[in-house]
Amino acid sequence: MAEASSGTPAAASRTGGPDPAALLAWYDRHRRRLPWRAEPGLRADPYHVFLSEIMLQQTTVKAVGPYFGAFLARWPSVSHLAAAPLEEVLSAWAGLGYYARARNLHACAKAVVDRHGGRFPDAEAALLDLPGIGPYTAAAIAAIAFDRPASPVDGNIERVISRLYAIGEPLPGAKGAIKARAAALTPPDRPGDFAQAMMDLGATICTPKSPACSLCPWMEPCVARAEGDAARYPVKAPKGEKPRREGAAFLAVRADGAVLLRTRPDKGLLAKMTEVPSTPWDSRAGAKAPARAEDHAPFPTRWRAVPGAVEHVFTHFALTLKVLRADLPAATPAPDRHRWVRPEGFGREALPSLMRKVLAHGGVE
DNA sequence: CATCCGTGGGG
DNA sequence: TCCCCAAGGAT
């Protein structure tokens, strides 16, 4: 066991396996500079690591950048974030998607303050107990922020490991084997850098479609590369069809420019986010005698169809939304649980991208 | 273990 | 155009 885990090039050539030191050397030369990362050799702020890791879940580095900066400027510490109203966190998060992350981010900040005195725990198990922090994020924070011997496995690392060892079992079944391989490779001295090195390798060299194997520090030990087609890993289970739903949104616009909005329910899709009132979204297959859209209108008036429609794709279904617009006097009152909001106030609303599309399609803003 | 949960960009 | 994907978690 001791010889297999020694990270010297000699040991690697003896065993034929990948050498962690080779990857770390590559990382020291080619690491990405990212807003949440510390300078080489320094340890990143746990709050920065936490915030970035939550934002980066299923989300690209490019998309996260502006949000990370805005959050850090507005809430410089976990205590500031914990003290913020949830509505403000949601409106700041609007557009980034997966809004349960924002709710959990806020709940987690409060838990860190309440249960840990405002300091993040450094133990993986304690991190795992926090809302919104799962196996990946717990290991990532432990390794990156505290240099604890943890082995986070994200999509990048799944891809790198599955190619390195040519793991033919499809995901997600292969996750256990991949995690075991990753843990076995993790060097005890630089676990945080090693995790980030694997992610950088996956993001810049060992990419999903056409990996740049000739530039890879692990080209020689990579079994998939030796087979000749690294891109066929990781093997994944086939995906099902994406159903389609449709509905209509009611864009009521007052003479003073205010638009009628409301807050979505506490659970489910876009929970607690702001929406333009709309009909339920029905799957078009089973709807044979759909009720008239006007039956779901916030109030009876002359609704006029805006030409065209809004198309939006969620993770598990695609949506076509017609927009019905009505122009009303400035004195029109808001129905129960609705509110009038002028465009200057949109920035304080938790408007998801779909609702931005609806507003734009209806000629607002 | 399967499903739900957003969004925007790239091949 | 369409499909895939991006530092996953909760239930």
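Letters go in sequence order (proteins before strands), and every chain restarts at 1. Atoms considered below: every heavy atom in the structure, side chains included; atoms not considered: hydrogens, waters and symmetry mates.
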What pairs of donor and acceptor atoms, side-chain ones from residues 45-52 of chain A against any protein atom, are under 3.5 angstrom apart with sequence neighbours left out?
unit_1	atom_1	unit_2	atom_2	d
D45(A)	OD1	Y47(A)	N	2.8
Y47(A)	OH	W75(A)	O	2.7
S52(A)	OG	H48(A)	O	3.0
S52(A)	OG	V49(A)	O	3.0

With a 3.5 Å cut-off and sequence neighbours excluded, list the donor-acceptor pairs that the side chains of residues 131-152 of chain A form with protein atoms.
unit_1	atom_1	unit_2	atom_2	d
Y136(A)	OH	E53(A)	OE1	2.8
T137(A)	OG1	Q57(A)	NE2	3.0
D147(A)	OD1	G192(A)	N	3.2
R148(A)	NE	D122(A)	O	3.4
S151(A)	OG	T186(A)	OG1	2.8

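If you run side chain to side chain contact (heavy atoms under 4.5 Å, CB included) between P234(A) and each of L171(A), I161(A), I167(A), only L171(A) comes through. Of the listed residues (R163(A), R159(A), E227(A)), just one forms a side-chain hydrogen bond (donor to acceptor under 3.5 Å, both in side chains) with Y233(A), and that residue is E227(A). Checking R356(A), R264(A), R337(A) one by one against E275(A), the salt bridge (charged side-chain N to carboxylate O under 4.0 Å, His left out) holds for a single residue, R264(A).
With dC5(C), dC5(B), dT7(B) as the candidates, the nucleotide lying closest to the side chain of K236(A) is dC5(C). Closest to the T315(A) side chain, of the nucleotides dC5(C), dG6(B), dG9(C), is dG6(B).
Between R32(A) and L128(A), it is R32(A) whose nearest contact on DNA chain C lies nearer the 5' terminus.
Counting only Watson-Crick and G-U wobble pairs whose two distances sit under 3.5 Å, DNA chain B takes part in these stems of three or more pairs: B:2-5 with C:8-11, B:7-11 with C:2-6.
For E87(A), the side chain to side chain donor-acceptor pair (under 3.5 Å) test picks out no residue, with sequence neighbours left out.
Using a 4.0 Å heavy-atom distance criterion, R159(A) is classed as a sugar-phosphate-only contact. Among the atoms of the strands shown, none is found under 4.0 Å from any heavy atom of L319(A).
For the pair L351(A) CG and dT7(B) C1', the interatomic distance rounds to 15 Å; values are reported in whole Å. Taking atom CZ on F50(A) and atom C1' on dG9(C), their separation rounds to 13 Å, with Å as the unit. For the pair Q58(A) CD and dC4(C) P, the interatomic distance rounds to 15 Å; values are reported in whole Å. Residue R101(A) contributes atom CZ, which lies 9 Å from atom C1' of dG8(C) at whole-angstrom precision.
For dT7(B), the OP1/OP2 oxygens have a side-chain nitrogen or oxygen of Y99(A) closer than 4.0 Å.
Under the 6.0 Å distance and 45° angle rule, R245(A) counts as a cation-pi partner of F317(A). In this structure, R325(A) fails the cation-pi test against W303(A), since its NZ or CZ atom is not both closer than 6.0 Å to the six-membered ring centre and inside 45 degrees of the ring normal.
Residue-to-nucleotide contacts include no donor-acceptor pair under 3.5 Å from the side chain of T137(A) to the base of dG9(C).
A salt bridge is absent between R43(A) and D193(A); no separation between the charged side-chain nitrogens and carboxylate oxygens falls under 4.0 Å. One finds no salt bridge joining R181(A) and E158(A) here, because no Lys/Arg side-chain nitrogen approaches an Asp/Glu carboxylate oxygen to under 4.0 Å.
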Detail all sub-3.5 Å separations between protein N/O atoms and N/O atoms belonging to nucleotides 8-11 of chain B.
unit_1	atom_1	unit_2	atom_2	d
dG8(B)	OP1	S353(A)	OG	3.0

Walk me through it: do R32(A) and D200(A) pass the test salt bridge (Lys or Arg N to Asp or Glu O under 4.0 Å)?
CA-CA 7 Å; R32(A) 289 177 293 173; D200(A) 279 16; 2.8 Å; yes

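For the segment residues 262-274 of chain A, residues with any heavy atom less than 4.0 angstrom from an atom of DNA chain B are, sorted by number, G268(A), L269(A), L270(A).
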